[in-house]
*Asks:* 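Got a structure here, written out as structure tokens. Questions coming.
The basis for the numbers below is simple: all heavy atoms, side chains too, and nothing from hydrogens, waters or symmetry mates. As the structure is a prediction and not an experimental result, all values here were calculated from the model. Residue numbers begin at 1 in each chain, while the letters A, B, ... track the order of the sequences.
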Amino acid sequence: MSSTPSSSTPGFIEELKWRRMLQDIMPGTEELLRKGPVKGYIGFDPTSDSLGVGNLVQVMTLLHFQRCGHQPVALVGGATGMVGDPSGKSAERNLLDEEALAFNLAGQKRQLEKFLDFSAGPTQAMIVNNYDWFRNFSFLGFIRDVGKHITINYMMSKDSVQRRLETGISFTEFSYQLVQGYDFYYLWKNQGLQLQMGGSDQWGNITTGTELIRRMEGGEAFALTTPLIKKADGTKFGKTEGGNIWLDPKKTSPYKFYQFWLNSSDEDSKNYVRIFTTLNREEVEALEAEHAKAPHLRLLQKSIAREVCIRVHSEEDYRSALEASEILFGNAPTEALSKLDEETLLSVFEGVPQVNIARSELEEGLGIVDLLSDKSGIFPSRGEARKLIQSGGVSINKQKLSDPNARQDAGGLLQDKYLLVQKGKKNYYLIIAG
RNA sequence: GGGGAGAUAGCCAAGUGGCCAACGGCAACAGACUGUAAAUCUGUCCUCUUCGGAGUUCGAAGGUUCGAAUCCUUCUCUCCCCA
């Protein structure tokens with residue numbers, strides 16, 4: 001995705017403010033950014049091999065940063081990932097082994113590269129790995145050269161530590177802020193980074209960094225954080241019944257990904273459009289006004305889903321997700337389904353779970369409960385299938401089932417091969433009779 | 001170390017010998033309404049079920065009893081107060 005930094009773009013801070021993405025900011029940060037291009041970074045925690053939509057907030061922060069004419073740096077936490085951040089955690093974390101960590105880092109790195117502009121220039125993005133400067137840093141060296149500058153009293157006063165004092169925190173996790181703080185020092189000292197950003201839960205860790213820079217060298221560094229996004233109903237952003245929404249298409253299909261954004265509530269989408277798209281203020285406000293006039297068109301949700309889907313996946317993925325959505329949720333009747341040729345049908349349902357059954361079993365007709373549970377595994381038990389059918393929650397080829405004792409035969413196959421099963425409103429399965 | 005309170009389904013929480021697969025609330029899932037939204041209403045919500053039932057639960061293990069989440073014994077864990 002290319003960005004077009006120009007002198008006419010508004011300041012980064014104003015940009016964050018109207019996007020409702022500014023939580024805390026250290027005094028002097030705005031002045032620094034006004035003076036000229038700044039190198040700033042955000043750290044990513046390699047707990048998984050893919051970023052999730054939760055991380056997308058930070059990715060977008062970097063993107064907005066770059067678009068405002070600054071130089072974004074993404075730090076992948078090869079070292080910090082080995083320690084475990086206690087922020088926001090109520091219990092000690094399990095440590096990943098080095099192999100898993102390396103694997104996760106590679107995955108995240110690949111994803112980050114899709115968002116930022118790495119072409120040479122004054123705002124060229126970079127990715128750094130803190131394992132590079134920690135690898136050869138000995139324990140004694142660290143506690144002597146770094147630990148000496150920060151008091152236990154200071155470290156204990158952090159929220160993330162305080163909250164764990166009752167239940168217990170290992171020395172390892174306690175040290176985390178110092179390790180992360182040293183990152184900032186190192187980057188400040190060796191690569192001229194003056195700003196660290198992050199989610200508001202990172203404030204404590206970030207300020208340990210600026211404090212370290214001050215005490216070790218009398219230097220000055222700056223910080224800002226973005227608010228934690230929550231949904232209007234107070235629940236956590238980025239999760240659905242199916243779990244986390246990932247950027248990796250193998251973990252969350254583009255179709256599911258598109259659906260995730262499309263399903264956001266009106267209330268939430270007003271925030272999302274600011275955070276997750278690069279539309280400017282006028283465009284956002286115009287879109288909101290239009291949405292308010294005809295909310296049922298879901299313009300906001302569609303615009304967000306479109307832009308994010310293209311950015312994270314591709315134009316092509318977006319198109320097929322859109323097409324699939326229109327077929328599955330549009331008013332397309334059963335006939336429309338049967339008109340689809342096999343290729344379209346398969347590509348449309350690419351992101352839909354598929355199950356195979358033997359065609360011969362369908363030939364003589366199969367009890368519908370049998371088909372949906374034992375044969376296809378769509379329902380874990382016969383009773384459950386029966387119950388949902390009785391309450392009107394199951395359709396085959398867009399036709400609602402009402403009688404659990406009904407039978408299905410080969411005559412109803414789409415393209416003489418497929419059955420489209422709908423469980424509830426939003427869960428689709430494709431049965432392939434082979 | 002002394003004294004007290006407690007452990008019930010995903011969470012909160014009622015139940016103190018049979019009427020208990022266990023009140024109620026939240027979450028979750030489904031239906032209606034709608035806009036694939038929100039709110040609201042209805043249903044489901046230990047497991048399986050041919051929807052008649054069947055099986056396994058109330059921190060753990062034993063015991064009393066025709067019958068236990070409920071009584072007794074031991075054990076494990078949590079919280080509070082005093083030292």
*Asks:* Determine the interatomic distance between C1' on B:C23 and the same-named atom on B:A38; round to the nearest Å.
*Replies:*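 The answer is 31 Å between these two C1' atoms.
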*Asks:* If each of A:V394 and A:E384 is mapped to the nucleotide of RNA chain B with the nearest heavy atom, which maps nearer the 5' terminus, i.e. the 5' end?
*Replies:*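 The residue whose closest nucleotide sits nearer the 5' end is A:V394.
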*Asks:* Is there any ring-ring contact (aromatic ring centres under 6.0 Å, His included) pair reaching into residues 399-434 of chain A, and which pairs are they, with sequence neighbours excluded?
*Replies:*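 Pairs touching residues 399-434 of chain A that pass the test: A:F329-A:Y428.
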*Asks:* Think A:N427 has a side-chain N or O under 4.0 angstrom from the OP1 or OP2 of B:A30?
*Replies:*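 Checking A:N427 against B:A30: at least one side-chain N or O falls below 4.0 Å of OP1 or OP2.
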*Asks:* Which nucleotide, if any, forms a Watson-Crick or G-U wobble pair with B:C66, using both distances under 3.5 Å?
*Replies:*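 Base partner found: B:G18.
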*Asks:* Now, which nucleotide makes the Watson-Crick or G-U wobble pair with B:U40, with each of the two distances under 3.5 Å?
*Replies:*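 Matched B:U40 with B:A32 under the 3.5 Å cut-off.
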*Asks:* Can you measure A:L401 atom CG to B:G31 atom P for me and round it to whole angstrom units?
*Replies:*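 Going from CG in A:L401 over to P in B:G31 covers 12 Å.
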*Asks:* Could you please name the partner base of B:U78, counting Watson-Crick and G-U wobble pairs only when both distances are under 3.5 Å?
*Replies:*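 Looking at the geometry, B:U78 pairs with B:A5.
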*Asks:* Among A:D117, A:L116, A:T123, which one satisfies side-chain contact (heavy atoms from CB on, under 4.5 Å) with A:S119?
*Replies:*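 Exactly one option meets the side-chain contact (heavy atoms from CB on, under 4.5 Å) with A:S119, and it is A:D117.
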*Asks:* Provide, to the nearest angstrom, the distance between the CD1 atom belonging to A:I389 and the C1' atom belonging to B:C29.
*Replies:*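 Computing the A:I389:CD1 to B:C29:C1' distance gives 16 Å.
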*Asks:* Is there a side-chain contact between A:R382 and the phosphate of B:U50, meaning an N or O under 4.0 Å from OP1 or OP2?
*Replies:*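 For B:U50, OP1/OP2 do have a side-chain N/O of A:R382 under 4.0 Å.
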*Asks:* How long is the line joining CZ of A:R386 and P of B:U44, in whole Å?
*Replies:*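 Going from A:R386 (CZ) to B:U44 (P), I get 17 Å.
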*Asks:* So, applying side-chain contact (heavy atoms from CB on, under 4.5 Å) with A:Y41, which one of A:D183, A:I127, A:V128 is it?
*Replies:*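 Of the listed options, the one satisfying the test is A:D183.
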*Asks:* How should the glycosidic conformation of B:G52 be described, syn or anti, under the criterion that syn lies within 90° of 0?
*Replies:*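 What B:G52 shows is a syn base, its glycosidic angle lying within 90° of 0.
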*Asks:* What distance, rounded to whole Å, do you find between the two C1' atoms, one in B:G17 and one in B:C66?
*Replies:*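 Nearest-Å result for B:G17 against B:C66 at atom C1': 12 Å.
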*Asks:* What residues, two or more places apart in sequence or in another chain, satisfy ring pair (Phe, Tyr, Trp, His ring centres under 6.0 Å) together with A:H313?
*Replies:*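 Ring pair (Phe, Tyr, Trp, His ring centres under 6.0 Å) check on A:H313 returns A:F257.
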*Asks:* When you compare B:U70 with B:A7, how far apart are their P atoms, in angstrom units rounded to a whole number?
*Replies:*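 Roughly 12 Å separates the two P atoms.
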*Asks:* Using atom CZ of A:F379 as one end and atom P of B:C29 as the other, report the distance to the nearest whole Å.
*Replies:*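 After rounding, the gap between these two atoms is 14 Å.
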*Asks:* Taking A:R359 first and then A:D416, would you say they form a salt bridge - that is, a charged N and a carboxylate O separated by under 4.0 Å?
*Replies:*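 Counted as a salt bridge, because a side-chain N and a carboxylate O are separated by less than 4.0 Å.
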*Asks:* Which donor-acceptor pairs under 3.5 Å do side chains of residues 275-282 of chain A form with protein atoms, sequence neighbours excluded?
*Replies:*
{"residue": "A:T277", "atom": "OG1", "partner": "A:V273", "partner atom": "O", "Å": "2.6"}
{"residue": "A:T277", "atom": "OG1", "partner": "A:L279", "partner atom": "N", "Å": "3.3"}
{"residue": "A:T278", "atom": "OG1", "partner": "A:E307", "partner atom": "OE2", "Å": "2.9"}
{"residue": "A:N280", "atom": "OD1", "partner": "A:E282", "partner atom": "N", "Å": "3.1"}
{"residue": "A:N280", "atom": "OD1", "partner": "A:E283", "partner atom": "N", "Å": "2.9"}
{"residue": "A:R281", "atom": "NE", "partner": "A:E285", "partner atom": "OE2", "Å": "3.3"}

*Asks:* Decide whether a cation-pi geometry holds between A:R67 and A:F12; the criteria are a distance under 6.0 Å from NZ or CZ to the six-membered ring centre and an angle within 45° of the ring axis.
*Replies:*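 A:R67 over A:F12 ring: no.
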*Asks:* Rounded to whole angstrom, note down the C1' distance from B:U56 over to B:A21.
*Replies:*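 Looking at atom C1' only, B:U56 and B:A21 are 10 Å apart.
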*Asks:* When the C1' atoms of B:G59 and B:U76 are compared, how many Å lie between them, rounded to an integer?
*Replies:*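 The same atom, C1', in both gives a distance of 8 Å.
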*Asks:* Say you pick atom P in B:U8 and the same atom in B:A13; how far apart are they, in whole Å?
*Replies:*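 Straight-line distance between the two P atoms is 9 Å.
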*Asks:* Taking ring pair (Phe, Tyr, Trp, His ring centres under 6.0 Å) as the test, write out the residues that go with A:F137, two or more places apart.
*Replies:*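 Applying ring pair (Phe, Tyr, Trp, His ring centres under 6.0 Å) to A:F137 gives A:F142, A:Y182.
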*Asks:* Find the distance A:L388:CG to B:C51:P and express it as a whole number of Å.
*Replies:*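 Answer to the nearest Å: 18 Å.
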*Asks:* What residues from residues 269-276 of chain A pass a heavy-atom cutoff of under 4.0 Å to RNA chain B?
*Replies:*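 Result for residues 269-276 of chain A: none.
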*Asks:* If the C1' atom of B:A9 is compared with that of B:A28, how far apart are they to the nearest Å?
*Replies:*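 One C1' to the other, the span is 14 Å.
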*Asks:* Do A:R298 and A:D266 sit within salt-bridge range, that is, some charged N less than 4.0 Å from a carboxylate O?
*Replies:*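 No salt bridge links A:R298 with A:D266.
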*Asks:* Donor-acceptor pair, distance only, cut-off 3.5 Å: does the side chain of A:Q111 make one with the backbone of A:L51?
*Replies:*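 Flag set: sc A:Q111 to bb A:L51 pair under 3.5 Å.
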*Asks:* Looking at every strand, decide which applies to A:G424 at a 4.0 Å heavy-atom threshold: base, sugar-phosphate, or nothing.
*Replies:*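 A:G424: backbone/sugar contact only, no base atoms under 4.0 Å.
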*Asks:* Starting from P on B:C51, measure out to CD on A:Q390 and report it in whole angstrom.
*Replies:*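 The distance from CD of A:Q390 to P of B:C51 comes to 9 Å, rounded to the nearest Å.
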*Asks:* Using a 4.0 Å cut-off on protein heavy atoms (strictly under), produce a 5'-to-3' string for nucleotides 32-42 of chain B with B for base contact, S for backbone-only sugar-phosphate contact, and - for none.
*Replies:* SBBBBSS----
*Asks:* Taking 4.0 Å as the cut-off, does a side-chain nitrogen or oxygen of A:S391 come that near to OP1 or OP2 on B:U44?
*Replies:*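 False: A:S391 side-chain N/O out of range (4.0 Å or more) of B:U44 OP1/OP2.
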*Asks:* For B:U50 and B:C41, measure between their P atoms and round to the nearest Å.
*Replies:*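 To the nearest whole Å, 33 Å.
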*Asks:* With a 4.0 Å cut-off, would you call A:K270 and A:E288 a salt bridge?
*Replies:*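 Answer for the salt bridge query: no.
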*Asks:* Does B:G55 have a Watson-Crick or wobble mate here (both distances under 3.5 Å), and if so which one?
*Replies:*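 Pairing partner, where one exists within any strand: B:C46.
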